[in-house]
Amino acid sequence: MTFFKNNFANMLTLGNLMSGSIGVIHLITGNYKITALCIIISLVLDFFDGLVARALKANSPLGVQLDSLADMVSFGVLPGVVMYKALEPFGNQFLGFDLPFNIQYIGLFITLFSCLRLAIFNLDEEQTYYFKGLNTPSNTVLIFGLYYAFMENGAFSIYFENTLLLIMITLISSLILVSPVKMIAMKFKSMQLKDNYPKIALLAGGILILLLLKIPGIPVVVLYYILISVAFQRQLK
C-alpha cells in the first residue's frame with residue numbers, strides 16, 4: 001500500500017509519457033485524430049499527477065524529474081513534429097529559392113526551446129503561482145490546434161500554404177516559451193475574488209471562444225490566454 005501511495009503520481013506521469021509517445025507515432029504515420037486524443041490524455045494526466053502527489057503527500061525529486069521528462073515528449077517533441085509535418089510539403093523550397101536542406105527541420109526548433117523552457121522552469125523557484133513564458137502544454141495546444149483545425153476543415157489555410165508564415169509561427173512560438181512575460185497559472189494562492197480576476201477572465205473568455213468558434217477556437221484560446229496574461233501582469237505575483 002505504501003509503494004502504491006508513493007508511486008501513484010509517478011504512474012500518472014509515465015502514463016502522460018506513454019500517451020505522448022503514441023501521439024508522436026500516430027502523427028508521423030498521418031493519423032492526427034489519434035494524436036489529438038493522446039494530447040488530451042497527456043494534458044489530463046499532467047494536470048492530475050501533481051494534484052495526486054500533493055494529496056497523498058508523495059512529492060519527491062524523482063517525481064519532479066519524471067514530470068519534466070514526460071512533458072519533453074508530450075509537449076516538446078510532439079509539437080515540433082507537428083510543425084515538421086506542416087513544413088514537409090515544401091521540401092527545400094523557400095521564397096522561390098532552393099535551400100541546401102529541407103526546411104521541415106526548422107519545425108524542431110519548437111522541440112529545442114521546449115527543452116530549454118522545461119530546464120529553466122526546474123531551476124526557477126519563482127514560478128509557483130504563475131509561469132514565465134508560455135508553458136509547454138499550452139504551446140502544444142496552440143501548435144496542434146492550428147494543425148488540427150486546418151486538417152479538419154481547412155481553417156487557417158493561409159498559414160499552412162505559406163512557408164514564411166509557418167516559419168514565423170515556429171520562431172515566435174519558440175521565443176515565447178522562454179520569454180520573461182508572466183503567464184497565468186491555474187493555481188490559487190487565495191480564494192478572494194480580487195486575487196483571481198485573471199483566472200476568471202481566462203475561463204469565461206476561453207469558454208465563450210470555444211462556444212463561438214468550436215474547433216478553430218482551440219488555438220485562439222491560447223492566444224487569448226497570452227493576451228489576458230499580458231493585460232494582468234501586475235496582478236501575477
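Just so you know, these numbers use all the heavy atoms, side chains as well, and skip hydrogens, waters and symmetry mates.
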Tyr225 versus Asn135, side-chain donor and acceptor atoms under 3.5 Å:
yes

Find out whether Asp46 and Asp49 are in side-chain contact, i.e. whether some heavy atom of one side chain is under 4.5 Å from a heavy atom of the other.
yes

Could you tell me if the side chain of Asn31 sits less than 4.5 Å from the side chain of Lys33, heavy atoms only?
yes

Would you say Leu211 and Val222 are hydrophobically clustered, going by side-chain heavy atoms of ILVMFWY under 4.5 Å?
no

Would Val82 and Leu27 count as a side chain to side chain contact (heavy atoms under 4.5 Å, CB included) here? Give the steps.
CA-CA 7 Å; Val82 171; Leu27 185 60; 3.4 Å; yes

Co-membership, hydrophobic cluster, residues Met18 and Leu12, 4.5 Å side-chain
no

Listing, residues 105-113 side-chain donor-acceptor contacts under 3.5 Å, not counting sequence neighbours, or none:
unit_1	atom_1	unit_2	atom_2	d
Thr111	OG1	Gly76	O	2.8

Output, in order, the C-alpha distance, side-chain angles, deciding distance and verdict of side chain to side chain donor-acceptor pair (under 3.5 Å) for Asn139 and Ser173.
CA-CA 7 Å; Asn139 191 57; Ser173 164; 2.7 Å; yes

For Met151, is the CE atom crowded, meaning more than 12 foreign heavy atoms sit under 6.0 Å from it?
yes

Over 12 non-hydrogen atoms of neighbours within 6.0 angstrom of CZ in Phe101
yes

Distance check, rounded to the nearest 0.5 Å: Ser68 atom OG versus Asn122 atom CG?
3.5 Å

Within the distance-only criterion (no hydrogens, no angle test), does the side chain of Ser19 pair as donor or acceptor with the backbone N or O of Gly15 below 3.5 angstrom?
no

For the pair Leu17 and Leu69, evaluate side chain to side chain contact (heavy atoms under 4.5 Å, CB included) and give the outcome as yes or no after the intermediate values.
CA-CA 8 Å; Leu17 175 58; Leu69 292 170; over 6 Å; no

Are Lys132 and Tyr130 side-chain neighbours, meaning at least one heavy-atom pair lies under 4.5 Å?
yes

Which value, rounded to the nearest 0.5 Å, describes the distance between Ile143 atom CD1 and Thr170 atom OG1?
6.5 Å

Indicate, with yes or no, if Ile172 and Leu175 share a hydrophobic cluster defined by side-chain heavy-atom contacts under 4.5 Å among Ile, Leu, Val, Met, Phe, Trp and Tyr.
no

Using the rule given for ring pair (Phe, Tyr, Trp, His ring centres under 6.0 Å), can you reason through Tyr32 versus Tyr148, listing the C-alpha separation, both sets of side-chain angles and the distance that settles it, and then say yes or no?
CA-CA 7 Å; Tyr32 66 91; Tyr148 186 84; 5.6 Å; yes

Does anything in residues 8-22 pair up under salt bridge (charged side-chain N to carboxylate O under 4.0 Å, His left out), and if so which pairs, sequence neighbours excluded?
none

Test of understanding: clusters of I, L, V, M, F, W, Y form through side-chain heavy atoms closer than 4.5 Å, transitively. Do Tyr159 and Val141 belong to the same one?
yes

Interatomic distance, OH@Tyr224 vs CG@Leu208, rounded to 0.5 Å, equals 8.5 Å

Can you measure from OG (Ser21) to CG (Leu78) and round to the nearest 0.5 angstrom?
9.5 Å

Just wondering, do Leu99 and Gln93 contact through their side chains at under 4.5 Å, heavy atoms?
no

Identify the heavy atoms of Arg117 and Leu177 that sit nearest to each other, and give their distance.
CG-O, 2.9 Å

Flag the pair Phe131 / Ser229 as yes when at least one side-chain heavy-atom distance between them is below 4.5 Å, and no otherwise.
no

With rounding to the nearest 0.5 angstrom, report the CZ to CE distance, Phe144 to Met83.
12.5 Å

I'd like to know whether Leu142 forms a side chain to side chain contact (heavy atoms under 4.5 Å, CB included) with Leu223, so could you lay out the CA-CA distance, the side-chain angles of the two residues, the decisive distance to 0.1 Å, and finally the verdict.
CA-CA 8 Å; Leu142 172 63; Leu223 296 177; 4.2 Å; yes

With a 4.5 Å heavy-atom cut-off, do Asn7 and Asn10 have their side chains touching?
yes

How about CG on Leu164, more than 12 heavy atoms from neighbouring residues, nucleotides or ligands closer than 6.0 Å, or not?
yes

Start with the C-alpha distance between Ile120 and Val178, add both sets of side-chain angles, then the distance that settles side chain to side chain contact (heavy atoms under 4.5 Å, CB included), and finish with yes or no.
CA-CA 8 Å; Ile120 291 172; Val178 295; 4.2 Å; yes

Which heavy atom in Thr29 sits nearest to a heavy atom in His26, and how many Å separate them?
OG1-O, 3.1 Å

Is there a path of hydrophobic side-chain contacts, each under 4.5 Å between heavy atoms of I, L, V, M, F, W or Y residues, that connects Phe121 with Val181?
yes

Heavy-atom nearest pair, Pro79 first then Ser74, reads CD-O, 4.1 Å

Tell me, do Met72 and Cys115 make a side-chain contact under 4.5 Å, heavy atoms counted?
yes

Could you tell me if Asn16 and Thr13 have a donor-acceptor pair between their side chains, going purely by distance under 3.5 Å?
no

Rounded to the nearest 0.5 Å, what's the gap from CD1 on Ile34 to CD1 on Ile39? Could you check?
12.0 Å

On a heavy-atom basis, the closest approach of Pro216 and Ala155 is CG-CB, 4.1 Å

May I ask you to test the Arg54-Asn59 pair for a side-chain heavy-atom distance under 4.5 Å?
yes

Using the ring pair (Phe, Tyr, Trp, His ring centres under 6.0 Å) criterion, which residues pair with Phe160? Sequence neighbours excluded.
Phe150

If you take all heavy atoms of Ala86 and Leu166, which pair is closest and at what distance?
O-CD1, 3.7 Å

